[in-house]
Amino acid sequence: MWWSVALMGLAGLLVGGGISFRQQKRPVWVYISFFALAAMALLAAYLLTLPGA
C-alpha cells in the first residue's frame, strides 16, 4: 500500500523535473522522457491498488 504513495510522490517529482527542463529549453527528449516516466509511475501505483496485487 505504501508503495503506491511512494510512486505517486515520485511521479510528482518527475513531472516537476519535466516542467523545469522544459522551461530551461533543454532538448525535447529530456522532458518527454520525464513525463513518460511519471506516467509509468502513476500506472504502477494504480496497478498496486488493485485487488490481488
Side-chain angles (χ1 to χ4, degrees):
M1 181 71 176
W2 67 274
W3 278 107
S4 59
V5 175
L7 285 169
M8 284 187 265
L10 175 65
L13 289 174
L14 287 168
V15 167
I19 292 170
S20 175
F21 282 135
R22 185 174 180 198
Q23 290 175 347
Q24 295 175 21
K25 305 288 192 233
R26 298 290 180 192
V28 175
W29 67 268
V30 173
Y31 61 86
I32 293 295
S33 63
F34 270 70
F35 292 139
L37 287 172
M40 287 191 288
L42 286 175
L43 179 64
Y46 170 71
L47 292 174
L48 284 173
T49 62
L50 294 177

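These numbers come from a predicted model, not from an experiment.
Applying the side chain to side chain donor-acceptor pair (under 3.5 Å) test to Ser20 and every residue at least two apart in sequence or in another chain returns Gln24. Residues satisfying the ring pair (Phe, Tyr, Trp, His ring centres under 6.0 Å) test with Phe34, not counting sequence neighbours, are Phe21. Scanning for side chain to side chain donor-acceptor pair (under 3.5 Å) contacts around Arg22 gives an empty result, with sequence neighbours left out. For the side chain to side chain contact (heavy atoms under 4.5 Å, CB included) test, no residue two or more places apart in sequence or in another chain qualifies with Leu13.
No side-chain heavy atom of Met40 sits less than 4.5 Å from a side-chain heavy atom of Leu43.
Listed here is the closest heavy atom pair of Leu7 and Ala44: CD1-CB, 3.8 Å. Contact between Ala11 and Ala41 at its shortest, heavy atoms only, is CB-CB, 4.1 Å. For Val15 against Ala38, the heavy-atom pair with the smallest separation is CG2-CB, 3.6 Å.
If you chain together hydrophobic residues whose side chains sit under 4.5 Å apart, Trp3 and Leu14 fall into the same group. There is a path of hydrophobic side-chain contacts, each under 4.5 Å, that joins Val30 to Ile32. Grouping the Ile, Leu, Val, Met, Phe, Trp and Tyr side chains by contacts below 4.5 angstrom, directly or via other members, places Leu37 with Ile19.
Between the CH2 atom of Trp2 and the CG atom of Leu48 there is a distance of 10.5 Å, given to the nearest 0.5 Å.
Listed by first and then second residue, the side chain to side chain donor-acceptor pair (under 3.5 Å) pairs involving residues 29-42 amount to none (not counting sequence neighbours).
Counting side-chain heavy-atom gaps under 4.5 Å among Ile, Leu, Val, Met, Phe, Trp and Tyr, the cluster of Met8 also holds Leu42.
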